[in-house]
Novice: 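Below is one structure. I have some questions about it.
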Amino acid sequence: MDAVKRVAFKPDWLARAGWLLLVAYVVYAVGRLDFSVERFVTGIDNGARFLGRMLPPRIAQPDSLVSGLLESLQIAVLASFAGIVLSLPIGLLAARNLMPAWASWPARAVIAAARSFHPVIVAIIFVKAVGFGALAGIGALVVASIGFIGKLFAEAIEEISLKQVEAVRATGAGFLNVLAYGVMPQVFGRFIGFATYQLDSNLRNSTMVGIVGAGGIGGTLFSAFQRFDYDFVAAILLCIIAMIMVGELLATWVRKVFVDHGRVDEE
């Protein structure tokens with residue numbers, strides 16, 4: 001009796017065609033973007049010389065460095081606070097399991113609009129509207145915070161168990177009490193995580209929006225680039241890294257205090 005030849009995995013010709021199309025598009029895009037190995041090698045050599053001019057770091061203007069870092073920190077904290085406060089009602093309105101369509105869809109449109117543009121682009125708009133300075137940076141990061149926290153907060157609410165909500169409603173509690181005792185206990189830990197991540201993100205973004213005149217250390221960094229003061233640029237970059245690391249440690253501590261401690265209490 002002839003042995004029947006069996007194939008363990010049938011070939012997926014549709015997937016193979018998709019991979020071939022992707023490879024063909026990558027080759028096409030590389031050709032259109034004028035990418036070449038020679039330019040890449042030349043770029044590496046230029047980058048090495050640039051890094052050589054950055055070492056050793058030197059703090060040429062300590063006053064502007066300290067004031068820029070403090071302003072970036074203030075921008076990040078104020079924007080995070082305002083963004084979190086505004087994201088709570090917007091995210092709640094966007095939750096489709098609690099709100100009717102006439103309320104959730106406009107809230108989702110606001111969140112989508114806030115997420116559509118990079119903070120630097122929003123910062124340029126605010127600079128044109130309110131002028132140069134920290135106010136433009138705060139406004140840009142508030143918009144970014146609403147787009148991020150509002151979306152995640154709405155999704156977290158949509159994933160809650162409605163049994164607890166119905167149990168609170170069965171006691172005759174009003175809408176605010178339902179939110180306080182039926183919704184928030186289920187999403188509070190995740191919301192703290194969202195808020196701490198957004199603060200960390202705003203610390204990074206506060207250094208970028210300054211490049212377009214929205215305050216913070218980014219303006220000092222851009223001025224140092226324009227003066228070809230690359231050793232001062234290196235000092236600024238190291239200070240930014242240090243600030244971000246301190247913010248990360250603070251965020252980790254906050255998560256441990258509020259999230260992990262709350263889980264221990266529940267157990």
Side-chain angles (χ1 to χ4, degrees), residues 50-51 53-88 114 117-149 191-258:
F50 173 71
L51 292 176
R53 296 179 63 182
M54 294 176 66
L55 300 175
R58 180 178 62 91
I59 301 178
Q61 301 177 7
D63 293 338
S64 62
L65 176 62
V66 173
S67 62
L69 288 173
L70 289 177
E71 190 173 46
S72 288
L73 180 62
Q74 293 163 357
I75 290 173
V77 172
L78 291 176
S80 299
F81 176 78
I84 290 168
V85 170
L86 294 174
S87 295
L88 280 169
F117 302 101
H118 194 276
V120 172
I121 299 176
V122 182
I124 294 174
I125 297 174
F126 272 96
V127 167
K128 292 296 183 181
V130 302
F132 294 99
L135 182 59
I138 293 173
L141 297 185
V142 166
V143 173
S145 300
I146 292 174
F148 178 79
I149 299 181
F191 182 73
I192 292 296
F194 300 154
T196 54
Y197 179 83
Q198 187 59 42
L199 175 60
D200 181 62
S201 178
N202 283 340
L203 282 173
R204 296 192 302 270
N205 290 331
S206 65
T207 64
M208 292 192 302
V209 296
I211 296 176
V212 296
I217 192 63
T220 306
L221 179 64
F222 185 65
S223 298
F225 267 113
Q226 287 184 315
R227 297 192 308 268
F228 304 103
D229 199 356
Y230 295 131
D231 50 356
F232 187 36
V233 168
I236 296 174
L237 294 178
L238 290 176
C239 290
I240 292 174
I241 293 172
M243 183 177 67
I244 299 301
M245 292 180 66
V246 171
E248 179 64 26
L249 292 175
L250 179 62
T252 302
W253 176 78
V254 170
R255 283 193 292 267
K256 286 183 178 180
V257 170
F258 289 96

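The basis for the numbers below is simple: all heavy atoms, side chains too, and nothing from hydrogens, waters or symmetry mates.
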Novice: Using atom types as modelled and distance alone, determine if a side-chain donor or acceptor of S80 lies under 3.5 Å from a backbone N or O of A76.
Specialist: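 Answer holds: yes.
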
Novice: I need the minimum non-hydrogen distance between A114 and V143, along with the two atoms involved.
Specialist: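 For A114 versus V143, the nearest heavy atoms are CB-O, 3.4 Å.
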
Novice: Please examine the side chains of I125 and F117, heavy atoms only from C-beta on, and report whether any two atoms are closer than 4.5 Å.
Specialist: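 No, too far: nothing below the 4.5 Å cut-off.
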
Novice: Counting only heavy atoms not in L73 (residues, nucleotides, ligands), do more than 12 fall under 6.0 Å from its CG?
Specialist: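 More than 12 within 6.0 Å, yes.
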
Novice: Do I240 and R204 pass the side chain to side chain contact (heavy atoms under 4.5 Å, CB included) test, and can you show the C-alpha distance, the side-chain angles, and the key distance before you say yes or no?
Specialist: CA-CA 8 Å; I240 292 174; R204 296 192 302 270; over 6 Å; no

Novice: Please give me the minimum heavy-atom distance between I75 and G215, naming the atom from each residue.
Specialist: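 In this case the closest contact between I75 and G215 is CD1-C, 3.9 Å.
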
Novice: Does atom CZ (F81) have a neighbourhood of more than 12 heavy atoms from anything else shown, all under 6.0 Å?
Specialist: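 12 or below, so no.
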
Novice: Would you check if L51 and L55 make a side-chain contact, meaning some heavy-atom pair closer than 4.5 Å?
Specialist: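 Sidechains of L55 and L51: no contact.
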
Novice: Check the pair E71, S67 against side chain to side chain contact (heavy atoms under 4.5 Å, CB included), reporting the backbone distance first and the verdict last.
Specialist: CA-CA 6 Å; E71 190 173 46; S67 62; over 6 Å; no

Novice: Just wondering, do M243 and T207 contact through their side chains at under 4.5 Å, heavy atoms?
Specialist: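 Side-chain contact under 4.5 Å: yes.
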
Novice: Might you point out which heavy atoms bring A195 and I149 nearest each other, and give the distance in Å?
Specialist: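 Closest pair (atom of A195, atom of I149, distance): CA-CD1, 4.3 Å.
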
Novice: Answer yes or no: is there a side-chain heavy-atom contact under 4.5 Å between D231 and R53?
Specialist: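 Not in contact.
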
Novice: Kindly give the heavy-atom pair with the smallest separation between V142 and A82, and that separation in Å.
Specialist: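 Nearest pair, atom of V142 first, then A82: CG2-CB, 3.8 Å.
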
Novice: Do the non-hydrogen side-chain atoms of S145 and I84 ever get within less than 4.5 Å of each other?
Specialist: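 When only atoms from C-beta onward are counted, I84 and S145 do not touch, as no gap falls below 4.5 Å.
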
Novice: Looking at every heavy atom in both G137 and V209, which two are closest together, and how far apart are they?
Specialist: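 Scanning both residues completely, I find the closest heavy atoms to be CA-CG2, 4.2 Å.
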
Novice: Is the side chain of S72 donor-acceptor paired with the backbone N or O of I217 at a distance under 3.5 Å, no angle test?
Specialist: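 Yes, because the side chain of S72 sits within donor-acceptor range (under 3.5 Å) of the backbone of I217.
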
Novice: Any heavy-atom pair between the side chains of L203 and E248 that's under 4.5 Å?
Specialist: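 No, too far: nothing below the 4.5 Å cut-off.
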
Novice: Is N202 close to Q198 at the side-chain level, that is, under 4.5 Å between some pair of heavy atoms?
Specialist: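 Q198 reaches N202 side chain to side chain.
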
Novice: Considering only heavy atoms from C-beta outward, does the side chain of P119 approach that of F126 to under 4.5 Å?
Specialist: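 They are not in side-chain contact.
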
